[in-house]
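All residue numbers refer to positions in the sequence shown, counting from 1. Indexing begins at 1, ligand by ligand and atom by atom, following the structure's order.
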Amino acid sequence: MLTIQNVHKTIDKKSILTAISFTQKPGEIIGLVGRNGVGKSTLLRCIAGSYQLDDGQVLIDQTDVAVQPEMRTQLFYLDEAHLFFKGNQLLQIGRYYAQAYPDFDTDQLTDLLAMYHLDGHQRYQQMSKGMQGLFNIILAVCSHARYLLLDEPFDGLDVIVRKNIIRLLLDHVGQTQTAVLITSHNLVELDQLIDRTLILKETKIIKDYQLEQLRQTDRKLQIVLKTNTIPALFKEAGRVLSVSGRVMVVYFPNYSDELAAQIQAYEPVLCESLPITLEDLFEANLVTEEDYQVFI
Ligand SMILES: Nc1ncnc2c1ncn2[C@@H]1O[C@H](COP(=O)(O)OP(=O)(O)OP(=O)(O)O)[C@@H](O)[C@H]1O
């Protein structure tokens with residue numbers, strides 16, 4: 001179990017993370033989402049030990065990694081901003097990682113390179129961004145670290161590479177019970193991968209959703225009313241995601257029979273459930289009043 005306990009981080013006198021606490025079980029895939037610049041990468045760097053914590057602890061199975069730094073080999077984090085191996089060939093990079101990660105699987109690296117048609121003798125910096133992204137995930141998988149911290153793994157990749165990455169990660173997690181903490185603005189891809197999402201806003205985790213559970217308690221409704229006035233109830237009990245004439249899409253957290261009856265009292269011409277996506281959760285939690293005016 002990975003435990004993040006009361007983590008605080010200030011950079012240049014600006015508070016970036018405050019009292020961040022959560023636990024992650026083996027085999028759990030968590031999506032860390034939030035608006036640009038909120039502190040997602042900073043949190044991954046704090047967990048990985050690239051940044052010193054101002055307060056708090058990162059524990060693996062109750063052991064503080066600051067007290068036993070060798071525990072960090074159970075955490076894989078590849079910081080795109082500080083890649084030391086850019087000039088090296090892929091197999092050479094694999095050999096560096098095999099020294100750092102005691103369970104690194106070199107045979108699996110050879111197999112995965114062949115499976116994804118990557119040439120082990122090619123230099124990393126000569127590969128396209130998409131192929132580099134795929135190789136980064138292959139490295140993460142082959143490390144056999146128990147916790148993978150992945151920062152924007154889909155950034156700039158074409159749809160085929162994104163699908164390959166999702167398949168590779170899901171297979172790996174299914175076989176090994178590795179836990180993955182992943183940041184991404186590609187909410188469609190993230191949605192296919194994760195069981196749980198943490199929403200970061202103004203230095204704190206404001207929501208921790210188990211997605212399956214949430215899909216049972218919340219509703220996203222497409223409602224067509226007889227007039228195009230938005231009832232106050234929709235804004236009080238939910239979040240209006242879009243309006244097009246008399247057709248509105250509204251997200252209602254904690255949907256209840258009572259709320260359903262209140263909606264029916266408006267005698268809607270149509271009222272139907274739509275699937276809840278990660279994008280809806282992002283909008284429902286992170287769109288500000290200002291953005292809201294622009295949207296509708
Ligand atoms: N090394 C650093 N020096 C100065 N400021 C930093 C440093 N690292 C992060 N920050 C600041 O911390 C804040 C959070 O940055 P971070 O990269 O963690 O955000 P993010 O949520 O990952 O953003 P994005 O979604 O845009 O990638 C930003 O204001 C950023 O400028």
Side-chain angles (χ1 to χ4, degrees), residues 2-22 24 29-58 65-66 72 75-84 86 129-130 132-134 136-137 139-140 147-158 161-162 165-166 169 179-194 196-209 211 277-288 290-292 294-295:
L2 176 68
T3 306
I4 310 304
Q5 199 163 282
N6 196 34
V7 164
H8 290 252
K9 182 67 188 169
T10 298
I11 299 177
D12 293 341
K13 297 188 182 153
K14 183 176 160 205
S15 178
I16 309 293
L17 301 171
T18 325
I20 302 288
S21 294
F22 64 93
Q24 186 175 21
I29 310 184
I30 301 181
L32 176 64
V33 304
R35 298 198 67 173
N36 285 127
V38 74
K40 301 179 295 296
S41 302
T42 303
L43 179 54
L44 294 196
R45 289 186 176 122
C46 285
I47 298 172
S50 318
Y51 284 169
Q52 260 191 339
L53 308 183
D54 294 332
D55 198 1
Q57 291 170 307
V58 174
V65 297
R72 291 201 196 283
L75 291 165
F76 181 97
Y77 175 64
L78 198 151
D79 197 334
E80 291 271 357
H82 304 104
L83 289 184
F84 65 89
K86 282 184 181 161
K129 188 174 156 82
Q132 288 176 349
L134 182 58
N136 294 349
I137 299 294
L139 262 190
Y147 301 93
L148 307 184
L149 308 170
L150 305 179
D151 202 354
E152 293 286 355
F154 306 114
D155 209 12
L157 311 188
D158 77 39
V161 180
R162 294 200 299 263
I165 286 180
I166 290 171
L169 281 174
V180 186
L181 178 60
I182 176 167
T183 75
S184 182
H185 292 289
N186 285 59
L187 300 180
V188 175
E189 273 72 23
L190 204 55
D191 221 346
Q192 298 168 46
L193 257 177
I194 64 177
R196 179 178 163 202
T197 185
L198 301 175
I199 300 186
L200 198 58
K201 183 182 181 185
E202 292 166 2
T203 77
K204 296 193 172 69
I205 290 173
I206 57 154
K207 287 284 162 58
D208 181 346
Y209 289 122
L211 295 178
T277 65
L278 199 53
E279 216 165 83
D280 299 327
L281 297 180
F282 192 91
E283 278 188 37
N285 284 287
L286 299 175
V287 171
T288 63
E290 261 173 40
D291 299 319
Y292 194 65
V294 175
F295 277 0

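- Contact annotation: the side chain of L150 approaches that of L169 to within less than 4.5 Å [non-hydrogen atoms, C-beta and beyond].
- Not a single protein heavy atom sits closer than 4.0 Å to atom 31 (O) of ligand 1.
- A side-chain contact (heavy atoms from CB on, under 4.5 Å) with L17 is found for exactly one of T42, I205, I11, D54, namely T42.
- For the pair D191 and L211, the minimum side-chain heavy-atom distance is below 4.5 Å.
- Contact annotation: for D151 versus ligand 1, there are no heavy atoms closer than 4.0 Å.
- Here the heavy atom of the protein found nearest to atom 12 (O) of ligand 1 is I16 CD1, 3.3 Å.
- Among all non-hydrogen protein atoms, the one lying nearest atom 29 (O) of ligand 1 is K14 NZ, 3.0 Å.
- Nearest protein heavy-atom contact of atom 1 (N) of ligand 1 is Y51 OH, 3.2 Å.
- More than 12 non-hydrogen atoms from other residues, nucleotides or ligands lie less than 6.0 angstrom from CD of Q192.
- A donor-acceptor pair shorter than 3.5 Å can be found between the side chains of D151 and T183.
- Side-chain contact check for Y147 versus V58: every heavy-atom pair is 4.5 Å or farther apart.
- Here the protein heavy atom with the shortest distance to atom 26 (O) of ligand 1 is N36 ND2, 2.9 Å.
- Proximity annotation for atom 25 (O) of ligand 1: of K40, E152, R35, K40 comes nearest, heavy atoms only.
- Of the possible donor and acceptor atoms, one in the side chain of K40 sits under 3.5 Å from a partner among the backbone N and O of G34.
- Residue D12 has at least one heavy-atom neighbour below 4.0 Å for each of these atoms of ligand 1: 4 (C).
- Looking at ligand 1, you'll find an N or O of V38 within less than 3.5 Å of one of its N or O atoms.
- Residue-to-ligand polar distances keep R45 apart from ligand 1: every N/O pair is separated by 3.5 Å or more.
- Considering backbone and side-chain N/O of G39, one or more are found under 3.5 Å from N/O of ligand 1.
- Nearest to atom 5 (N) of ligand 1 among the protein's heavy atoms is I11 CG2, 3.6 Å.
- A heavy-atom distance below 4.5 Å is not found between the side chains of F154 and H185.
- Atom 7 (C) of ligand 1 lies below 4.0 Å from at least one non-hydrogen atom of the protein.
- Nearest protein neighbour of atom 17 (O) of ligand 1, counting heavy atoms only, is S41 CB, 3.8 Å.
- Here the protein heavy atom with the shortest distance to atom 16 (P) of ligand 1 is T42 OG1, 3.6 Å.
- The shortest side-chain heavy-atom distance between L75 and L2 falls under the 4.5 Å cut-off.
- Per-residue contacts place H185 under 4.0 angstrom from the following atoms of ligand 1 (heavy atoms of the residue considered): 24 (P), 25 (O).
- Considering backbone and side-chain N/O atoms, G37 comes within less than 3.5 Å of an N/O atom of ligand 1.
- Across all non-hydrogen atoms, the minimal contact from K201 to V38 is CA-CG2, 3.8 Å.
- Using modelled atom types, one side-chain atom of T197 and one backbone atom of G31 make a donor-acceptor pair closer than 3.5 Å.
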